[in-house]
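Encoded as structure tokens, the structure appears first; notes follow it.
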Amino acid sequence: MSHYRVTAVVNGDSVDFPCDAGETLLDALRDRLGLTGSKEGCASGDCGACSVMLDGRLVCSCLVLAAEAGGREIETIEGMADGNALHPLQRKFLDLGALQCGVCTPGFLVAAKALLDRDPDPTETDVRYWLAGNLCRCTGYDKIVRAVLETAEDMRGA
Amino acid sequence: MPPDLEFTRKTSFETVGARPARPDGNDKVTGRARYGADVSVAGMLVGKVLRSPHAHARIVSIDTSGAEAIEGVKAVATRDDFPDIAPDAAVEGEGEENMWDVARNVMARDKALYEGHAVAAVAATSAAVADRALKSIDVTWEVLPHVTDVDEAMRPGAPVLHEDMRTKGLENAPRAPSNVAEYLKIAMGDSEAGFAKADLVVERDFRTEAAHQGYIEPHACLATVSEDGLAELWCCTQGHYGVRAMCAAILGMELSSLRVTPSEIGGGFGGKTTVFLEPVALALSRKAGRPVKMTMSREEVFRGSGPTSSTSMSVRIGATGDGRLTACEATFRYQGGAFPGSPVSYGAVCGMAPYDCRDVTLHCYDVVANRPKAAAYRAPGAPMAAFAIESVLDEIAQKLGMDPIALRLKNAVREGKTSVYGPTFGPVGFVECLEAARDHANARAPLGPNQARGVAAGFWPNYGGQTSVTMNVATDGSVLLSLGTPDIGGSRASMCMMAAEELGIGYGTVKAIIADTHALGHNDTTGGSRVTHSAGMATIEAARQVIRIMKERAARIWDIDVDAVVWEAGRVRPSGPNAGDHEPMSFREMAALSARTGGPIAGHAEIDAEGAGASFAVHMTDLEVDPETGRVVVLRYLTVQDAGKAVHPDYVEGQYQGGAAQGVGWALNEEYVYDAEGRLRNPGFLDYRMPVASDLPMIDTAIVEVPNPGHPYGVRGVGETPIVPPLAAVGNAVSRAIGRRMTHVPMSPPRIVEALDG
Amino acid sequence: MRYEAPDTLEAAVGLLSAADGAARVLAGGTDLLVQLRSGPVEPDLVVDIKRVPGMDAIVEEAGGFRVGAAVPGAALGEHAGLRAAWPGVVEATELIGSTQIQGRATMVGNLCNASPAADSVPAMIAAGATARIEGPGGRRDVPVEEVATGPGRTSLAEGELVASVFLPARPARSGDAYLRLIPRTEMDIAVVGAGVSLTLGENGAVSAARVALGAVAPTALLDRACADAIVGAALDAAALEKLAAAASAACRPIDDKRGTVAYRTRVAGVLARRAAAIAWARAGGRA
């Protein structure tokens with residue numbers, strides 16, 4: 001296995017890490033950079049627990065090679081709050097009890113933020129289809145979908 | 001009940017019933033919360049498991065020399081690294097776990113009993129080296145005939161998994177081995193006499209396929225065994241005391257030598273109540289002298305961890321012309337995978353528990369087959385039996401021209417009634433649930449072509465069990481709760497609320513942690529809907545101890561009799577003018593004085609909680625079937641359930657909604673698909689089809705509150721019941737939409753098309 | 001395994017041609033990374049083509065559109081012109097996986113992965129798309145239906161890669177559509193797929209049609225009998241029933257975990273009929 005050195009921007013900070021050729025971005029984030037907020041639920045792109053933004057697009061970091069990340073900008077759940085101020089989505093998930101075990105929550109938040117950044121006024125159907133790649137086994141999605149819709153409404157009013 | 005809990009039950013609340021943010025919330029929305037796979041330590045090795053490619057095969061030999069020769073491989077473990085276990089050894093997991101079975105499930109000994117059964121493990125310096133090492137282990141197999149279907153496994157001449165298995169519970173003890181571990185008959189009254197009174201008898205056969213719990217976090221652990229044999233284990237589990245007991249039994253360790261710390265847990269639903277990787281990681285660490293971290297891939301989770309039983313059931317129910325149930329006779333056949341212990345008897349009892357029917361006979365068969373050992377899954381055994389029973393009831397309602405809720409109201413158990421479940425019911429909320437469903441707006445929503453409404457009920461008895469809680473009062477008046485029941489769905493919030501309620505202080509003043517096995521006395525596993533009831537009871541008990549201590553201290557300060565001190569709204573005060581004229585003192589003031597009044601103030605409770613109140617539910621769903629493709633769209637879904645007293649209604653609703661979603665998934669598309677070789681064909685989220693956000697509508701909820709007299713606040717556990725009705729609610733709706741009775745779960749598009757054609 | 005990210009097409013072809021062992025092209029990676037993890041063979045070389053200029057572009061050409069091999073589904077969906085011209089192709093591509101998958105997965109990757117159930121392929125075949133293949137022997141354009149030769153197998157020679165797909169100019173009075181059957185609403189692989197592209201004559205009757213079926217044979221099928229069933233007449237109920245029968249007759253499916261022979265055969269007819277009705281409406285057809 002060949003080794004590589006990658007320089008990228010993660011949550012606004014320039015980082016530099018080694019990786020193997022076959023190593024995924026998810027593994028590099030977790031094991032090289034200690035950013036364990038992105039979770040491995042399936043390693044096949046079917047659960048969305050590892051969702052991150054890569055150059056402005058929502059992706060599963062388990063389906064990206066770490067070596068591909070050179071020169072790219074990556075945003076993870078760890079970069080979502082502004083210092084000590086939670087993002088409105090994070091606040092709303094807490095206020096509505098839109099999480100139970102919480103392991104899917106980082107992926108949902110990253111994905112939901114990507115939606116609201118491009119569409120401030122999504123319908124319930126829009127939210128459900130946008131989030132269809134994020135599996136949650138605890139909530140039945142009801143409170144998650146409500147949290148995203150209510151946050152959108154709050155942010156439009158702000 | 002402990003003495004402190006005997007005084008009056010509370011009926012008006014300050015904090016309980018509110019919806020505050022949970023104490024563990026910030027960590028979970030920022031990615032800081034640490035789950036099973038999120039911890040690493042210096043010098044850590046990566047452990048991996050070699051699994052059987054065969055459904056049933058004798059292990060002739062295992063040659064690990066190739067793996068051991070690879071640079072970076074620090075330990076290899078096989079059956080030879082685990083002592084054999086006495087056949088009757090048992091410890092508490094969720095219910096009693098037979099350790100002979102658990103140990104053999106963790107690491108195969110003479111035979112691999114299912115595809116995915118662990119046969120060896122390695123610890124190496126990297127995942128890549130560990131993978132290479134697994135490929136270098138040479139297992140010589142003698143492949144044996146296999147059986148995965150429950151009915152086939154019961155047939156004479158079927159391949160036998162355990163040569164020494166003789167069916168227990170038969171009148172004449174059999175001499176030949178079989179795959180039927182046990183037969184159990186549960187009966188009340190005389191079912192034949194009951195059928196004689198019936199005007200209508202409906203009889204049907206049903207099948208349900210195996211479903212997986214589907215937690216998003218795969219099993220993970222980190223084990224460190226030191227030179228002196230002391231060990232530490234970090235893992236995601238519903239019960240770290242159970243993990244400790246099982247690992248200690250499997251590895252021959254003393255309980256006090258093993259400290260288990262539970263991580264945050266990414267879902268369990270019963271599937272994390274036993275051990276898989278944990279004893280293996282400890283064995284590898286002991287051998288390598290280094291910490292070993294192990295995580296399952298999703299494929300391993302499906303192949304190697306517990307799904308639920310698949311079932312075959314026959315149900316016959318009689319009713320009078322006006323809809324009174326007169327008799328039920330039913331046979332339940334549950335395969336529980338490669339070892340005995342399928343939840344067949346729970347299921348059988350739960351299915352008929354809601355109904356005041358006096359003449360019932362239930363035949364239960366616990367069957368083994370070449371599949372992964374079934375683990376508990378939310379209301380173990382009940383959803384399948386409820387599917388069969390509630391489907392037959394729906395058919396009776398149709399044949400009698402009765403509304404399905406009216407039929408159930410006519411037969412519902414109430415206080416003072418007895419069903420086949422056994423105990424005479426105290427106050428229960430089944431009738432209230434039925435009435436709430438009947439009166440809900442969803443019951444009157446218009447239905448279009450190919451659309452129909454299905455109704456079904458569900459029951460779970462709930463459970464109490466052993467629980468230890470410590471409450472430490474800090475000198476600034478803040479409170480720290482140490483709990484021993486892993487928090488899956490918000491129980492830390494509920495415990496903080498109950499503590500704040502009892503102490504009369506603010507919710508934000510109380511913090512809770514889940515402590516490790518060294519810190520508290522034994523705690524049974526988080527399961528069976530027991531935590532809010534039993535840990536809540538223990539928390540309240542601990543709070544009452546704290547109050548008692550504060551009253552004693554105040555009595556000493558005021559130099560009056562302790563009986564002359566009362567606790568009111570979070571303050572001590574003299575009971576009246578005769579007790580002297582003393583200014584009341586707040587909880588905070590008493591805490592601040594603790595150093596000068598006798599030292600630290602703490603309460604603790606070690607209880608074996610009884611008095612769990614059963615929780616009934618009624619689900620109602622509207623759906624549409626595409627008659628050309630058999631695809632189903634769920635249009636509306638309503639869950640109504642008795643919570644006794646909802647401590648944190650958001651998380652009560654969350655249980656209702658989550659259980660309903662799991663049940664809908666099972667009803668429509670989730671199933672284990674096996675090929676002719678007994679290999680699982682769909683070990684991933686792509687083809688094991690759990691519901692995604694766009695598959696479901698909003699899930700409407702109605703919380704019924706009929707207080708449980710067995711809990712100081714009236715709480716009933718709510719976690720299990722929500723998955724009991726959905727298979728039948730969906731099945732009844734599909735059956736009504738297509739005009740054919742569906743009898744096979746999941747009701748996938750091909751099965752619906754088949755029913756339409758049939 | 002070695003990872004290379006060349007910045008010219010020539011360099012990419014050179015790397016692929018010179019590879020000693022198995023070499024794989026990495027575009028969106030949504031199939032390749034799953035195969036790297038669980039596939040039987042680890043490749044010796046992975047060539048990431050996303051740093052080749054132009055690979056991520058959608059370019060108008062001869063009234064049609066050339067879609068680069070690294071264009072993710074999300075970018076396809078955001079392209080108003082392409083969406084207006086070939087809604088069936090765009091919708092088919094957008095059906096592949098989740099939002100996250102759409103951020104990466106490409107139409108060319110979907111084609112070269114050579115799954116019989118690939119969603120974009122029947123739609124591309126119906127649209128008459130061509131694949132531009134670059135290799136050590138130079139450049140060639142082939143109809144997309146000639147790329148896959150069986151499950152996981154393609155007609156690409158050693159060192160060759162598909163650099164783009166060309167969707168031709170949309171004829172007047174024409175429309176396309178793609179439908180698939182999955183048990184859930186998202187995240188599944190097609191149990192059956194049907195792509196239809198048709199053109200209406202001056203008289204309102206169907207003058208030309210292409211019908212392609214997915215997941216009912218080792219490769220996506222371009223079926224002539226299906227087209228013949230609807231060409232020459234208005235798309236009335238009788239024509240649609242003929243189409244459904246032809247589509248079912250064309251199926252050569254297998255039983256697997258996703259569906260049975262009987263189910264796939266039946267549903268292929270249903271979907272072909274429904275897709276044709278949508279394409280007809282898009283073409284301006286009136287009952």
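Order of the sequence lines sets the chain letters (A, B, ...), proteins ahead of strands, with each chain counted from 1.
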Under-4.0 Å salt bridge between B:D38 and A:R30: yes
Toward chain B, the part of A:L86 with a non-hydrogen atom under 4.5 Å: side chain
Which atoms of A:Y129 are under 4.5 Å from chain B, going by heavy atoms: the side chain, the backbone, both sets, or neither? both
Please step through side chain to side chain contact (heavy atoms under 4.5 Å, CB included) for the pair A:L99 and B:R22, ending with a clear verdict. CA-CA 10 Å; A:L99 61 146; B:R22 58 202 279 169; 3.9 Å; yes
Enclosure of A:D16 CG (heavy-atom neighbours >12, cutoff 6.0 Å): yes
Interchain contact, B:S40 with chain A, by part (heavy-atom threshold 4.5 Å): neither
Name the region of B:Q213, side chain, backbone, both or neither, that has any atom closer than 4.5 Å to a heavy atom of chain A. backbone
Are A:R146 and B:M698 side-chain neighbours, meaning at least one heavy-atom pair lies under 4.5 Å? yes
Looking only at heavy atoms, which two atoms of B:D650 and A:K143 are closest? And how far apart? O-CE, 3.2 Å
Between B:I265 and chain A, with a heavy-atom cut-off of 4.5 Å, which part of the residue counts as in contact: side chain, backbone, both or neither? backbone
Atom group of B:N26 that falls short of 4.5 Å from chain A, counting heavy atoms: both
If I measure from the heavy atoms of chain A, does B:A33 come under 4.5 Å with its side chain, its backbone, both, or neither? backbone
A:K39/B:E264 ion pair, N-O < 4.0 Å: no
